[in-house]
2 protein chains.
Amino acid sequence: MILLLDHSKGRPLYRQIYDQLIGALAGRRLSPGSRLPTVRRLAADLSVNLHTVRRAYVMLAEAGLISLERHNGARVLALPPPSPALSDRFGAELRRLVAEGLAGGLTPDLITELCQQAVADLSQPPL
Amino acid sequence: MILLLDHSKGRPLYRQIYDQLIGALAGRRLSPGSRLPTVRRLAADLSVNLHTVRRAYVMLAEAGLISLERHNGARVLALPPPSPALSDRFGAELRRLVAEGLAGGLTPDLITELCQQAVADLSQPPL
DNA sequence: CGATTGATATAGCAGACATATAACAAAGTG
DNA sequence: CACTTTGTTATATGTCTGCTATATCAATCG
C-alpha cells in the first residue's frame, strides 16, 4: 500500500488517493476480499487528515468497489458487472478527452494507439 | 455557434465553454481562419459574465488553438503538429480514465471499442 | 470623434478543499 | 468488564476556486 501524494495544489488530495486506489484495483494489485488500511492508519501514513482519506474511501464505497465496515477497515468487493450507466459516463468523458487530443493536433491513429496501450498496460495482472 | 451551458454546479462554466469549443475544433465545425464571437457577445448570448468567457478563450489561446486579437475577436489557428508534451498529458489522463473504467467492471474490449468509436465519431468532418 | 473590443484590476460572495477537534456507538482485546 | 480501535458525525477555520459585478485603459474601426 504505497501511495504518493503531490501537495502542489494540482489535483485534490482525496482525488489522488482515490485515483491511486482505483489504479491498484484496475491492475488487480488489490484483489476482492483484501483489506485496505483503516482510515486513521492511512491518514497517518500519508500525513494527511483523516477526513481526506475518508472522503476517498466513501467515493470508492459509493462506486460499489469497496465496503466500509465499522471497526474492520475497508474490504475490496468483487468486480462489478459492466453497467450501462458507467459505460455512458465513461464514454462521455472519453469523448471529451479525445476531442481535446484531436483539437491539439494528435492524429486519430496516435490516439487509438495510446488507448490500446493504456488498456493493455492496465488490464495486465501484476507480475 | 450554439453553446449550451449547464448551471448545475457540475462542471465550471468556463470549462463547459472551453470543452464545447474544443469539440467544434476537433470536429472541424470551426476551421482555421474562421472567427469566434467577441468575448462580450458570447457572454451576452450565454447570459454569463465576460470574464467567464474570457477565461475559456485565454485557455484556448494558451493551448495555441486560437489567437486573441484586439478589436477583432478571436480567430481559429491552424491545427498544430502533434506535440510530445500534449501526447504525454493525454496519455496520462487516458490512463486515469481507463483505470476507472476497468476498476468499475468495464471489459478491456468494451473500453477499446468505445475509444475507437469516439475517435471515429469526432474525427469525422462535418456533413 | 464615438463605439467597440481585448486587457487589466479590484471586490464580493458561494462553494470546495483541507485541517483541526471533539464526540459517539459498535466491535474487538485483554 | 474496562479499554482501545474504528467508522461516523459534527463544527469550525483558513485558503483557494468559480463566478459575478464594475470600472478603466488603449487600440482600432466606422
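Sequence lines set the chain letters: A, B, ... in the order given, protein chains first and strands last, and positions in each chain run from 1.
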Visitor: Side chain of L13(A), heavy atoms from C-beta onward: which of dT19(C), dC19(D), dA26(C) has the nearest atom to it?
Guide: dT19(C)

Visitor: Rounded to whole angstrom units, what separation is found between the CG atom of L60(B) and the P atom of dG6(C)?
Guide: 14 Å

Visitor: Can you list the residues that meet the side chain to side chain donor-acceptor pair (under 3.5 Å) rule with R15(A), with sequence neighbours excluded?
Guide: D19(A)

Visitor: At less than 4.0 Å, is any side-chain N or O atom of R54(A) found next to OP1 or OP2 of dT9(D)? Yes or no.
Guide: yes

Visitor: For N49(A) and dG14(D), what is the distance between atoms CG and P respectively, to the nearest whole Å?
Guide: 16 Å

Visitor: Rounded to whole angstroms, how far apart are CZ on R70(B) and C1' on dC29(D)?
Guide: 14 Å

Visitor: Can you check whether T52(A) has a side-chain N or O nearer than 4.0 Å to OP1 or OP2 of dC17(C)?
Guide: no

Visitor: Ignoring backbone atoms, establish whether T38(B) has a side-chain N or O less than 4.0 Å from OP1 or OP2 of dT4(C).
Guide: no

Visitor: Please determine, for the side chain of H51(A), which listed nucleotide (dT21(C), dT22(D), dG7(D)) has the closest atom?
Guide: dT21(C)

Visitor: Rounded to the nearest angstrom, tell me the gap between atom CD in E69(A) and atom P in dA27(C).
Guide: 12 Å

Visitor: Tell me which nucleotide among dA23(C), dA20(C), dG6(C) gets nearest to the side chain of R40(A).
Guide: dA23(C)

Visitor: Among dA27(C), dC29(D), dT22(D), find the nucleotide with the atom closest to the side chain of H71(A).
Guide: dA27(C)

Visitor: Using atom types as modelled and distance alone, determine if a side-chain donor or acceptor of S67(A) lies under 3.5 Å from a backbone N or O of E69(A).
Guide: no

Visitor: Map L68(A) and K9(A) onto DNA chain D by nearest heavy atom, then report which one ends up closer to the 5' terminus.
Guide: L68(A)

Visitor: Expressed in angstrom and rounded to an integer, what is the separation of M59(B) atom CE from dT17(D) atom P?
Guide: 13 Å

Visitor: Hey, is CZ on R11(A) packed in by over 12 heavy atoms from elsewhere, all under 6.0 Å?
Guide: yes

Visitor: Using atom CZ of R11(B) as one end and atom P of dG18(D) as the other, report the distance to the nearest whole Å.
Guide: 11 Å

Visitor: Report the distance from atom NE2 of H7(A) to atom P of dT19(C), rounded to the nearest whole Å.
Guide: 7 Å

Visitor: R55(A) near the nucleic acid: base, sugar-phosphate alone, or nothing, with a heavy-atom cut-off under 4.0 Å?
Guide: sugar-phosphate

Visitor: With a 4.0 Å cutoff (strictly under), does any side-chain N or O of Y57(A) reach OP1 or OP2 of dG7(D)?
Guide: no

Visitor: Would you say Y14(A) reaches dA18(C)'s phosphate, i.e. side-chain N/O to OP1/OP2 under 4.0 Å?
Guide: no

Visitor: Might you work through the side chain to side chain contact (heavy atoms under 4.5 Å, CB included) test for L97(B) and E93(B), ending with a clear yes or no?
Guide: CA-CA 6 Å; L97(B) 185 56; E93(B) 272 223 45; over 6 Å; no

Visitor: Quick one: does L3(B)'s side chain get under 4.5 Å of L42(B)'s, heavy atoms only?
Guide: yes

Visitor: CZ of R15(A) versus C1' of dT17(D): gap in Å, rounded?
Guide: 17 Å

